[in-house]
2 protein chains.
Amino acid sequence: MLLRDEDDDDKCDLILDQYLPYRMAVIAHLMSTGFSKRYSKDFDMTIGEWRVMANLGHLEPQSGHEIGAHSHLDKVQISRAVARLEKKGWIQREGDTVDRRRNLLTLTPEGRRVFNSIGKMALDFEDDVSASLSTEEYAALDRILRKLSKRAESLI
Amino acid sequence: MLLRDEDDDDKCDLILDQYLPYRMAVIAHLMSTGFSKRYSKDFDMTIGEWRVMANLGHLEPQSGHEIGAHSHLDKVQISRAVARLEKKGWIQREGDTVDRRRNLLTLTPEGRRVFNSIGKMALDFEDDVSASLSTEEYAALDRILRKLSKRAESLI
DNA sequence: TAATAATAATTTCATTTGAAACCATTTCAA
DNA sequence: TTGAAATGGTTTCAAATGAAATTATTATTA
């Protein structure tokens, strides 16, 4: 993409502020902490718990394994998030009678209310963040993130 | 940006895959793990250590506080990263004679070689990731990330 | 100038995290 | 079948992390 002297062993023109993976990490972190700082008074939830809830809010029931596949959480994170959410009374687990290794997870009515409430705040927050972009820019970002995501997945 | 029913308490149309902060977090994580998986055989460094090195690679000397201001690391992360890097022999610290609370940090010659080496891999990796984008898309992404970054900073 | 506040950096301690080991169950293959 | 491998999920243990307290120094201000 950019020309640079590949074979000069004495210097390297990497500048952190201009380095894409760093920029992505910083913005993701700003968004995550920005949201949780704004709304931390309203709830107390880890990122893993929130992703489990959001998955179930969208589709129920799902097993931990299914949620993991859709939320970029590993099985340990899922297991712990599920345990905490169950203790809070926000999700229920029921053994799958067909495959008894699996747990089928659903939101409780209370968990659904929590999901709706946080979900709305999250969508408001997203609106707030993306208010800095024009409609065209938003669409371009969507397309670009799709490509980057696909590409980054293939590099794992 | 998008229309949705604000006042319906029974549902929330949040879908994780389409939620910008989530998408940013996933891509940032894919990039970070993708890079470290690819090159983990060549070095052993935390994200904090790498950011400290990258800062010094660009500008020397700097105090921990200055590096923190430029790299979104807090003072504890800096302190620990600096301690580890010093033990590895990659950076040197010298007390500032004007303000004796400050440490002035520089890369050692060995540290500079390490920085150059990793820096080149990082730039190659960035090229690889962004190869999925056209020149126009890359420019658009740059502009959009600038805006998002500014906006997200203001929401902290 | 003495007292107080602010700053740079470190340490402490409790919590979170990740990798690997582990358990129970199911699938595969000889 | 039956033994080996794979799978869903949990536990363990060491390392990483974050918040708050601590130390040492500098800046402020009364």
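Chain letters run A, B, ... following the sequence lines, proteins first and then strands; every chain starts at 1.
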| field | Along DNA chain C (nearest heavy atom to each residue), the more 5'-positioned of V98(A) and R80(A) | value | R80(A)
| message | Between P on dG18(C) and CD1 on I47(A), what's the gap in Å once rounded to a whole number? | response | 12 Å
| message | Looking at R93(A), I'd like to know whether one of its side-chain N or O atoms comes within less than 4.0 Å of OP1 or OP2 on dT10(D). | response | yes
| note | Ranking dG18(D), dT26(D), dA20(C) by distance to the side chain of V76(B), first place goes to dG18(D)
| task | For the pair R80(B) and E49(B), find out whether any cationic side-chain nitrogen is under 4.0 Å from an anionic carboxylate oxygen. | result | no
| message | How many whole angstroms separate atom CD of E66(B) from atom C1' of dA9(C)? | response | 14 Å
| task | Let me see the working for W90(A) and M45(A) under side chain to side chain contact (heavy atoms under 4.5 Å, CB included), right down to the final yes or no. | result | CA-CA 11 Å; W90(A) 291 345; M45(A) 211 184 276; 3.3 Å; yes
| said: Could you identify the nucleotide paired to dA30(D), looking across every strand shown and requiring Watson-Crick or G-U wobble geometry with both distances under 3.5 Å? | reply: dT1(C)
| message | Under 4.0 Å from OP1 or OP2 of dG18(C): is there any side-chain N or O of Q77(A) that close? | response | yes
| said: Reading DNA chain C from 5' onward, which residue's closest nucleotide shows up sooner: K75(A) or R101(B)? | reply: R101(B)
| Between R143(B) and E137(A), does at least one N-O distance fall below 4.0 Å, as a salt bridge requires? | yes
| said: What's T46(A) touching, base or sugar-phosphate or nothing? Going by heavy atoms closer than 4.0 Å. | reply: nothing
| message | What is the separation between atom CG on D96(A) and atom P on dG8(D), rounded to the nearest whole Å? | response | 11 Å
| query | With a 4.0 Å cut-off on heavy atoms, is R84(B) in touch with a base, just the backbone sugar-phosphate, or nothing at all? | reply | nothing
| When all nucleic acid strands are considered with a 4.0 Å heavy-atom cut-off, which category describes D74(A): base, sugar-phosphate, or nothing? | nothing
| task | Flag the pair D96(A) and R100(A) as a salt bridge only when some basic side-chain nitrogen lies within less than 4.0 angstrom of an acidic carboxylate oxygen. | result | no
| request: Rounded to the nearest angstrom, tell me the gap between atom CG in L104(B) and atom P in dA8(C). | output: 13 Å
| said: Rounded to whole Å, please give me the gap between CZ in R102(A) and C1' in dC23(C). | reply: 18 Å
| said: From the set dG18(C), dA9(C), dG8(D), return the single nucleotide nearest to any side-chain atom of H65(A). | reply: dG8(D)
| query | Charged N to carboxylate O below 4.0 Å: is that the case for K150(A) and E153(A)? | reply | no
| task | Rounded off to whole Å, could you give me the NE2-to-P distance for the H72(B) and dT17(D) pair? | result | 17 Å
| request: Take the protein atom CD1 of I78(A) and the nucleotide atom C1' of dA19(C), then report the distance between them rounded to whole Å. | output: 17 Å
| remark: Of the listed dA8(C), dT10(D), dG9(D), the closest approach to the S63(A) side chain comes from dG9(D)
| Tell me: CG of N103(A) to C1' of dA24(C), nearest whole Å? | 12 Å
| remark: Note: for R100(B) and S79(A) on DNA chain D, the residue whose nearest nucleotide lies more 5' is S79(A)
